[in-house]
Structure formats: structure tokens, C-alpha cells
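Report on one structure; see the data block that follows.
Chain identifiers are assigned alphabetically (A, B, ...) following the order of the sequence lines, protein sequences preceding nucleic acid strands; residue numbering begins at 1 within each chain. Since this is a predicted model, take the numbers as computed values, not measurements.
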Protein chains: 2
Amino acid sequence: MTVTIYDVAREANVSMATVSRVVNGNPNVKPATRKKVKEAIDRLGYRPNAVARGLASKKTTTVGVIIPDISKGFYAELARGIEDIATMYEYNIILSNSDQNEDKEIRLLETMLGKQVDGIVLMSDAITPALREEIGRSSVPVVLAGTVDLEGRIPSVNIDYKGAAQEAVSRLIGNGHREVAFVSGPFDTVINRDFLLEGYRDALREAGLELDEGLVFELEDSYDAALEAWHATDRRPTGVFAGSDELAIGVIHGVLDAGLAVPGDVEVIGFENTKLARMVRPRLTSVVIPLYDIGAVSMRLLTKFMSNEEIEDPNVILPHRIEVRESAK
Amino acid sequence: MTVTIYDVAREANVSMATVSRVVNGNPNVKPATRKKVKEAIDRLGYRPNAVARGLASKKTTTVGVIIPDISKGFYAELARGIEDIATMYEYNIILSNSDQNEDKEIRLLETMLGKQVDGIVLMSDAITPALREEIGRSSVPVVLAGTVDLEGRIPSVNIDYKGAAQEAVSRLIGNGHREVAFVSGPFDTVINRDFLLEGYRDALREAGLELDEGLVFELEDSYDAALEAWHATDRRPTGVFAGSDELAIGVIHGVLDAGLAVPGDVEVIGFENTKLARMVRPRLTSVVIPLYDIGAVSMRLLTKFMSNEEIEDPNVILPHRIEVRESAK
DNA sequence: TTGAAAGCGCTAACAC
DNA sequence: GTGTTAGCGCTTTCAA
């Protein structure tokens, strides 16, 4: 039924070791025999069995990718970066959604290790102690992509979220706004609570402004949540820094619904710079997070670990910037 | 170093066959020995090696997923449906991007088959003869998700794209429009050329309207392309059916830029009903494609093939509908 | 209910 | 340059 290396060996009158050599591009084969073997391979339609190879060599050339939700644009973009570099280094990817569920994350790690992946890229909102411990037990390297481990012991690729938030808020303050709101996704996400919120705080402090709790909105990270929150509150900040583009757009539409103008009455800055940002009117000013690059660099970092290359710095910080469009100058 | 089934056998004073039985839930094991083995497994921290298992059993419990571009919302949503059902049936997924490149698609099929996947879900814009042949040679089942094979020989899950387009266009005509444009993505995509365009044609014919080539716009499938096309043309249709939400929103903004109103002067219907549709003003009326369900059902179909269950119909058509919002009544 | 033994298809010494 | 020979860690008859 299936053609094995042994069939090829017989067909070409060589040993299976020789066939293995030509399949793996080992130079220690006489050109003539190489040709003979290649012909036999073509004639028989032989295709190496990667599972057998994996068992014998203890390498599967596949890496695990654990992602909160591939249907979210944020993660899909990261995943694309990861996959491209994986392909470049001839790895395949086993992709699973964790839904931010710690149990599921741990279970996925387990099954991926069981499948003998050569490494793992993990995306998560928060590295809990249990998860950290599980990662520590892993027999293969693990790299975090767009994910912060507060203890900083796991290799990772990120941007300076806090600095980015601070810049955005400072920009708003610099434009003359004294009442600047922070519209955030859930604070059980490390990036929201420990970085964006802190960046917001720092910017206020730097400007000598008091933190006004009433201007901090912790919402579900969705357009509707922001829209409704704006309708529900009677606070009227003139500057808004949102923790995501979706939130920002919700705010903009809330403002417009209230008969106010953006950026005339309220300036809004988003976070992520999805393609959405260009597809709303007024166009959204937003902090650019290089998601594709974060994915790509994290995969590259993982390949270095997997082939024992030297690592300069296991915690990479990529640059960010603010793309200024119409919703805020 | 790594704990094997053999280590567990010794630890529990049984044979490896017995360990294998308890690991695989085989009922032919005395409860007492089962307990003994389980304890040994815990004590040693044994984790079955899926690669060895795959080699011995010829089943890997992983399926391949070939997708044009995971960073596109359309496909990311499909992928989520696929993955959820795969997880439900305890399969893992090897995910790769093909960029709609025939060579890459064929190469990916090859490497996935080499990795001994138990089945494959394929998404593509067009099943070319070479691709069809490669699929035919596959030793494992292949299911198309959101992808049409014009020869209809490959199992697939879709909606009635043509019927959906026809309904959308008829709706516009029914609203009194005599000049209805079709703003489409590239016609090298089967769905665009053979279904949406045909549905558009049928709707016109049904209404006794002449097809006006000048009202058919074949564009890159992007917001910018639609926006620019609208700026560039001097045609002023009062109804527009777009082949995607992005194109539809581009059209809407083009219309607004021209000082006209939506839906007052121009009515627009999109296709796909992404979350974008609710996040623009006016909100977009759009044909609902149940992407998640298409993914889920295609994976379910694949599991049936993989376990030799009976298949009622290998070509599934899921229902669609039009979600009416503000851009068209 | 349990064990012994033969592979699954390949890689990787090691010898020649 | 090429062949021989052990495994890799597991499943799966077949016997007992």
C-alpha cells in the first residue's frame, strides 16, 4: 500500500541508509547513486513519513501555538507573523484556541508536549502562577508573543505598552485637554491593568493632573460596550485614550450620537491601529502595534532557542508609534 | 530522561501491554491493576508520546487546515469554527497559509500528508485542475470549507452564494432602483465570478433590466479600492451590491465624500456581515454568511469521513439571510 | 485479564 | 561511499 524507504532501497539496489541519505540531502553519496535513488523515489511516488522520522530523530519540525482566539483580528495578525517565519524555517504549526482559560492553556501545553512539538509560542492575557509553573516544566522552549510575564523569566516579544499609553495620553494633554478619560478593556488583562493604566497615570502625574477615578472606564473590550458606556455616563471628558480601536470607535460614535463633534469637541486616540482605523469617519488616530512583527520576531526567537543559537536578549521590545489621523491631532 | 510506557510497566509490575490498555481506556483491565498502573503513571509523571503512538497506530489525531490568509477576518472566523469542532472530537490542527498560491497549496497538501494527518480542510478561491488532481491522490479525506469545486466532486460546505447575491440585488431593485451596480473583488475567485456575478445577472434579468457592463466593477477586495473606484467613476448608480463588507464601506464613504447620502441617494448592501457592518455609520445592510458554522460543519463532515460514518450529503449548503440595517432597506 | 513479541518507518551510530 | 544494525515509544495480534 504505502511506499516505504525500504521499497525505494530495493528498487534502487541500495540500502535504506543510502536512501535516507539522499532524502536528507546528506553529501556523502556518489552522484550516480543519488540519481539512481531519486529516480526510484519518483517511480514509486515515495513520500517520507514524518511521524516515523520524528520518532527516530526526536524532532518533529512542528511548533505549538496557543492563542486566545484566532477569530480576533489582534491575534490573527500575530498568528500570521508566526506562521510566516515558521514556514521560512520549515516548521509547521499546531494552532489551538485557549479562550483565555487557564485550565485550557495548561491542557493545551500538555497535549502539545505529548505531540512532541519542538517549541511553543504562547499568547495569553495573564501568565498565572500555575501556567508559569507548567511552562517551567516544559522540555522544549516556550516564547511569549504579545504577552507579558510580570516575573520576566519567560522569553517574550512585546512593545513598551506603558510608554505607548503614556505618549498617547500626553499627546491629548498637550492638545489642551484637562479631562482625559481612559476607556479600557478588562483589568484582568495584564497589559490593560499593569501597563496601559499605569501609562495613563504617569502621563497625568507628569502633567500635574489629579487622577479622577470617574474617568477610568473598565469595560468589556467591544464596540458596543464603549458606545453604551458613553451613552450611560454624564461625564464629558474632552480627550479619550481607548485601550483598543474598537473601544475608540465606540466612543467616537457615542460622541457623535450626543451631538458633539470629533475631534472638535472630543479627541480620541485608539490602540492597535487595525485596518478599522482607516475605515471610520473621522479616521482614527491610533497607537501602532506591530502585531505581525511581534509574531514574526517571537517565532524567530523560538527558532534560535530550538537550534541552540546564541540569544542576545530573550525579552524583545519592538518600537511603536502613533499614527495621527483625524480623531486626534 | 523521558518516562516511557516501559518505565511505567516496571514501576507497576505489569507488562507494557497492560499500561497501554489503561492509557487507552481499554475495559479489559482488572480495576485493581488499573489503579496500580494509574498510580505508577502519576508517580513517574508519564505522558504518552503521540508520535510513537501515531507510528504504531497509523493515526495522528491531527488534521491539516490550508487557509488563504489567517489574518483576514473571513478566514479567521472559518478557522475558529473548524478548530472548535476539531477540539470537540479531540483532533489537533496543523494550520498553514497558502496565499491563494496554487503551488503553495499543493506543497502544503504534500507536507501535511507527509505528516500523516488524518484528514484535511481546505479553503481556496479556486480549485484548479492540478489542485483537484492532488486532492484526488490524497490518502485521507479532504473537505472544502467556504470553497466551491465547480466539478462538485470534493465534499464541501458552503451557502448558496448565487441565490444570496440574487436576493440582495432583487431587494435593491425592489426598492425602486434601476441602476444597480455590482462592486466585486477579483473575478479569478470562483465565488465572485461564477456565483455573485451570476446572481446579479439573474436578478437583473428577472426584473427585465439590461446588464450594463459599466456598472460592474472588478476591484481588489479592499476598502481603498472601492473608495477610489467611486471617486474615479462618473457613473452614479443609486443601488450598490458589494461583494464584501469592506468594499461596501468603501462605496459608502465614496458616496458620502461626493456629498450624497446613504441610504437617501444611494442604497448599499454588503456581503459577509462582519462585525464591521455594525461599526460604521450608517450601519451596513449585509448578507449574513455563517462563517463560523461553515467551518464547524466542514470539520464535522471531515470527522465523519475519518471515522467512516455514513454521509447523507457530502455537499452541504447552509442557510443565509440578509441583515437589514441602515444602508439599505 | 494479562503478557510476549512483532512491527510501524525512519535515523544514526558504527563498521567496512 | 555504502551497508548493517539497533533502536525511537507505542499498538496490536496472538497465546496463555
Side-chain angles (χ1 to χ4, degrees), chain A residues 1-38 40-41 44-62 90 110-111 113-118 139-140, chain B residues 1-38 40-41 44-62 90 110-111 113-118 139-140:
Chain A
M1 193 61 242
T2 66
V3 183
T4 74
I5 201 172
Y6 189 75
D7 299 320
V8 176
R10 264 206 318 210
E11 176 80 10
N13 278 311
V14 295
S15 72
M16 50 190 296
T18 297
V19 177
S20 175
R21 286 190 188 99
V22 349
V23 167
N24 292 295
N26 185 318
N28 292 338
V29 181
K30 205 160 54 176
T33 52
R34 179 184 306 279
K35 180 156 173 288
K36 207 167 55 174
V37 170
K38 284 197 164 161
I41 287 177
L44 268 42
Y46 168 72
R47 174 196 300 135
N49 180 325
V51 172
R53 185 182 286 193
L55 183 58
S57 69
K58 297 178 168 303
K59 290 196 169 312
T60 55
T61 64
T62 107
E90 306 199 273
E110 283 288 340
T111 92
L113 292 174
K115 295 226 167 173
Q116 312 301 119
V117 295
D118 296 335
S139 42
V140 300
Chain B
M1 193 62 239
T2 67
V3 184
T4 74
I5 201 173
Y6 189 75
D7 299 320
V8 177
R10 264 206 319 212
E11 176 80 12
N13 276 313
V14 296
S15 72
M16 51 189 295
T18 298
V19 177
S20 174
R21 286 188 189 99
V22 349
V23 167
N24 293 294
N26 185 317
N28 292 337
V29 180
K30 205 159 54 174
T33 53
R34 179 183 307 280
K35 180 157 172 289
K36 207 168 53 173
V37 171
K38 284 199 164 162
I41 287 176
L44 268 43
Y46 168 70
R47 176 197 298 136
N49 179 325
V51 172
R53 185 183 287 194
L55 183 58
S57 68
K58 296 177 169 304
K59 289 193 170 312
T60 54
T61 66
T62 106
E90 305 199 275
E110 282 290 340
T111 91
L113 292 174
K115 294 226 168 172
Q116 312 302 116
V117 296
D118 296 336
S139 42
V140 300

With the threshold set at under 4.0 Å for non-hydrogen atoms, list the residues of residues 25-32 of chain A touching DNA chain D in residue-number order.
A:N28, A:V29, A:K30
State whether B:S15 places a side-chain N or O below 4.0 Å from either non-bridging phosphate oxygen (OP1 or OP2) of C:dA4.
no
In Å, rounded to the nearest 0.5 Å, how long is the span from CZ of A:R47 to OG of B:S139?
6.0 Å
To the nearest 0.5 Å, tell me how far B:N26 CG sits from B:R34 CZ.
7.5 Å
Identify which one of B:T18, B:V23, B:I41 satisfies the side-chain contact (heavy atoms from CB on, under 4.5 Å) criterion when paired with B:V8.
B:I41
Can you find a heavy atom in the side chain of B:K115 that is under 4.5 Å from one in the side chain of A:T61?
yes
Can you name the residues that form a side chain to side chain donor-acceptor pair (under 3.5 Å) with A:N13, not counting sequence neighbours?
none
Going by the rule side chain to side chain contact (heavy atoms under 4.5 Å, CB included), which residues pair with B:T60 if we only count those two or more places apart in sequence or in a different chain?
A:V51, B:T62, B:Q116, B:D118
Any chance NZ of B:K36 has more than 12 other-residue heavy atoms, nucleotides or ligands included, within less than 6.0 Å?
yes
Closest heavy-atom pair and its distance - A:A52, B:L55
CB-CD1, 3.6 Å
All heavy atoms of A:V3 vs all of A:L44, minimum pair found to be CG2-O, 3.4 Å
Closest heavy-atom pair, A:A40 versus A:A12, reported as atoms and distance to 0.1 Å, is CB-CB, 3.8 Å
Any heavy-atom pair between the side chains of A:R21 and A:T33 that's under 4.5 Å?
no
Can you give me the N/O atom pairs linking the protein to nucleotides 8-11 of chain C at distances under 3.5 Å, or say none if there are none?
from, atom 1, to, atom 2, distance (Å)
C:dC8, O3', B:K58, NZ, 3.1
C:dC8, O2, B:A56, N, 3.3
C:dG9, OP1, A:T2, OG1, 3.4
C:dG9, OP1, B:K58, NZ, 2.9
C:dG9, N2, A:A52, O, 3.3
C:dC10, OP1, A:Y46, OH, 2.5
C:dC10, OP1, A:N49, N, 3.1
C:dC10, OP2, A:I5, N, 2.4
C:dT11, OP1, A:N24, OD1, 3.4
C:dT11, OP1, A:N24, ND2, 3.1
C:dT11, OP1, A:R53, NE, 2.9
C:dT11, OP2, A:S20, OG, 2.6

With a 4.0 Å cut-off (strictly under) to non-hydrogen atoms of chain A, the first and last hit nts on DNA chain D, 5' to 3', are D:dG1 to D:dG9
Could you check B:V140 against B:L113 for side-chain contact (heavy atoms from CB on, under 4.5 Å), going step by step and ending with a plain yes or no?
CA-CA 8 Å; B:V140 300; B:L113 292 174; 3.7 Å; yes
Degree of bending, the helix from C:dT1-D:dA16 to C:dC16-D:dG1 (end axes from five pairs; round to 10°)
30°
